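Notes follow the structure.
Just so you know, these numbers use all the heavy atoms, side chains as well, and skip hydrogens, waters and symmetry mates. In the text below, chain A, chain B and the rest are named by the order of the sequence lines, each starting its count at 1. Keep in mind it's a predicted model, so treat the numbers as computed, not measured.
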2 protein chains.
Amino acid sequence: MTSGVRNARPPQPTLEMVAAEAGVSRATVSRVVNGSPKVRPEVVVSVTAAIERLNYVPNRAARSLASRQTQSVALVVPEDMTKFFGDPYFAAVVQGITQRLDESDYTLNLLVASTDPRHKTMRYLRAGNVDGALVISHHTGDNFVADLESTMPVVFGGRPTNDSGANNYFVDVDNIAGSMSGVQHLVDIGRRRIGTITGPVDMPAGIDRLTGFRRVLENAGLATDAVEHADFTASGAAAATRRLLERCPDIDALFVASDLMATGALGVLAELGRAVPRDIAVVAYDDSPAATSGPIGMTTVSQPSKEMGFAMADLLLRLLADDETVPHRNIMPTSLVLRESA
Amino acid sequence: MTSGVRNARPPQPTLEMVAAEAGVSRATVSRVVNGSPKVRPEVVVSVTAAIERLNYVPNRAARSLASRQTQSVALVVPEDMTKFFGDPYFAAVVQGITQRLDESDYTLNLLVASTDPRHKTMRYLRAGNVDGALVISHHTGDNFVADLESTMPVVFGGRPTNDSGANNYFVDVDNIAGSMSGVQHLVDIGRRRIGTITGPVDMPAGIDRLTGFRRVLENAGLATDAVEHADFTASGAAAATRRLLERCPDIDALFVASDLMATGALGVLAELGRAVPRDIAVVAYDDSPAATSGPIGMTTVSQPSKEMGFAMADLLLRLLADDETVPHRNIMPTSLVLRESA
DNA sequence: TACCAAAATGAGAGCGCTCTCACAACCCCG
DNA sequence: CGGGGTTGTGAGAGCGCTCTCATTTTGGTA
């Protein structure tokens, strides 16, 4: 058999070749490539020219092997693809992350993990493919995280479920305060029979937003039984809304734990002929594009998703730079955005 | 300064250490790790045990440097994040790709390129980070592709814009035939003043779907002037729909080049009080979740997006395996799915 | 002009793995 | 029981880069 497709490609130029071309040593070329200050300017010029001439690009594997760094970080998302792509919240976070990374020399590796067996993801991570990891949307059961943390720096989006020791690094909002502001608004506009569609209760974001809901209603002396759990998807929320309306047909307000879920809830409400906000006022959470893309603008608890992504990446990068002054937690502000739905 | 965060991690075990632990040579451990058949079964057992004991995971960089392969492929998407995340079409394709890759030892690197300067993406690719690349959603102006192809095997999703030599590998549907089936349906149900919202005309998918539209109308002896261009986003399509309605208020049918764009168009139609399908029948393209998630089910040209992703990955993997029998093109079937909108 | 510190450069030893050989152990058969 | 295969195993040379150190060059000073 002749050499196949793969081997037919012309070999990439190497450091060695650039060195020969420029008439200097490998070490000097390496210095130029890495921007070391201790190279004579005229040498820098001639080496740069040689690099240009040969169209040289350093080999990542070799560099990574020698330097024991990869210059890349992973974003681990323990959800399935559909959920990941379906929720504009993730889009915003990823955008923030890439924005920060683009300012650096690091690249991002996306690991959406339920499509992979967890096992495969961990092998990938432990095989030295990345210098650090960002973890978002993680659940109580995801104990791969402890493993990960013993291998490399990890930054969480959202308070990790095992945040006992307070030595985790994470970026989050105060979900309790956030949801309280949303639910309080419902109370303030005179609603008295308020229900909620929660996120998964194996995630801090799900739990905390429910806690905020309960706290406000208890303070106001209102019933807290109109609760249905869902999974941060539109269809899950739609089903939960149906269940809730069946069980508590008298509700006059609904707090939904995410914008995406609110689109599902709003669909059911429309279908059932419950006018929003007249019959039922709705407050959502996220302030993602989903809040404004539907027929009715959502009143929603705004969290800076993109900025959170940015902050996560920033935190990780500083950790990787051995910056010892980084704070363990970065709690960002929320605010209530009023639109038509409540 | 003391050793920081990065260096504080315990070093990973190496092949050498496993070899010592098992009392064999490095080469033998390597054979076991790579599943070579020429190792005595009892040796395999003892080496496997040693690997287990040390919790050994082979170092990717070293392996890649020595073998000149990375076991990973890139998915290059020359769009910005928002567009990428916003369109369920991409979600389906990515899902298909990962599904195929999960059966193999390859991993996926997502490069959504407009956030990166093109330059950075190319450097990454050329630095030997991946063995091959998948390119979707590429535009006429994206000439980085030629560069890429000289470096590694590339498979396109959608006929590439420069498909002159017919030596590109790609997976596509017959967009002309697909759109013709959709537009023909509009003609068949008696519509006579048919408009279209197109995709970008610097993309084959945009051009071909428009061509199909024109062809049907010309065959039927109908006017083909009710055309507005958009960019495969919901908001772009909404604006285009407004322009179209302004210019041709008399249209009784609309062919929209993607489901996502149709959501935008449908929104405008609803806002303007044009009943669908009574006043204006709408046919979309993709048959993504967007076609069924709105208030009215879309009649749409169904293309097997997920299967296309799968096929792309499959093609690339076979190319990487030096399979010389792979066909250059894989044209998949479309079908018209009838729902309420037309 | 001679001398020494500082700056610039090069030599060379790895990083952890793969892969080609050479060698050793074993098999069958005449 | 020796020749000629197999088959399994180990030694060792890289893969392309970084980084430490020794060496050379430079420039400032007496």
Pair B:S137-B:M203, side chain to side chain contact (heavy atoms under 4.5 Å, CB included): steps then yes or no: CA-CA 8 Å; B:S137 190; B:M203 297 179 67; 3.6 Å; yes
Hey, where on DNA chain C does chain B first and last touch, going 5' to 3'? Cut-off is any atom under 4.0 Å from a heavy atom. C:dG16 to C:dT20
A:V32: side chain to side chain contact (heavy atoms under 4.5 Å, CB included) partners, not counting sequence neighbours: A:V39, A:V44, A:V47, A:T48
Can you list everything that forms a ring-ring contact (aromatic ring centres under 6.0 Å, His included) with A:F85? Sequence neighbours excluded, please. B:F84, B:F85
Heavy-atom closest pair, residues [X] and [Y]:
X      : Y      : result
A:G128 : A:T70  : O-CG2, 3.0 Å
B:L65  : A:L65  : CD2-CD2, 3.4 Å
B:L101 : B:A313 : CD1-CB, 4.0 Å

Before giving the answer on side chain to side chain contact (heavy atoms under 4.5 Å, CB included), spell out for B:L315 and B:V171 the whole-Å C-alpha distance, their side-chain angles and the decisive distance to 0.1 Å. CA-CA 9 Å; B:L315 192 49; B:V171 173; 4.2 Å; yes
Separation between CZ of B:F156 and CE of B:M312, rounded to the nearest 0.5 Å: 9.0 Å
Gap between atom CG of A:L317 and atom CG of A:L134 - 0.5 Å precision: 9.0 Å
What salt bridge (Lys or Arg N to Asp or Glu O under 4.0 Å) pairs are there with at least one residue in residues 39-62 of chain B, not counting sequence neighbours? B:E21-B:R53, B:R40-B:E42
Ranking B:L65 and B:R31 by the position along DNA chain C of their nearest nucleotide, the one closer to 5' is B:L65
Specify the residues of residues 20-30 of chain A, ordered by number, for which at least one heavy atom lies under 4.0 angstrom from an atom of DNA chain D. A:R26, A:A27, A:S30
Below 4.0 angstrom, which residues in residues 37-62 of chain B have at least one non-hydrogen atom near DNA chain D? B:K38, B:V39, B:R40, B:V43
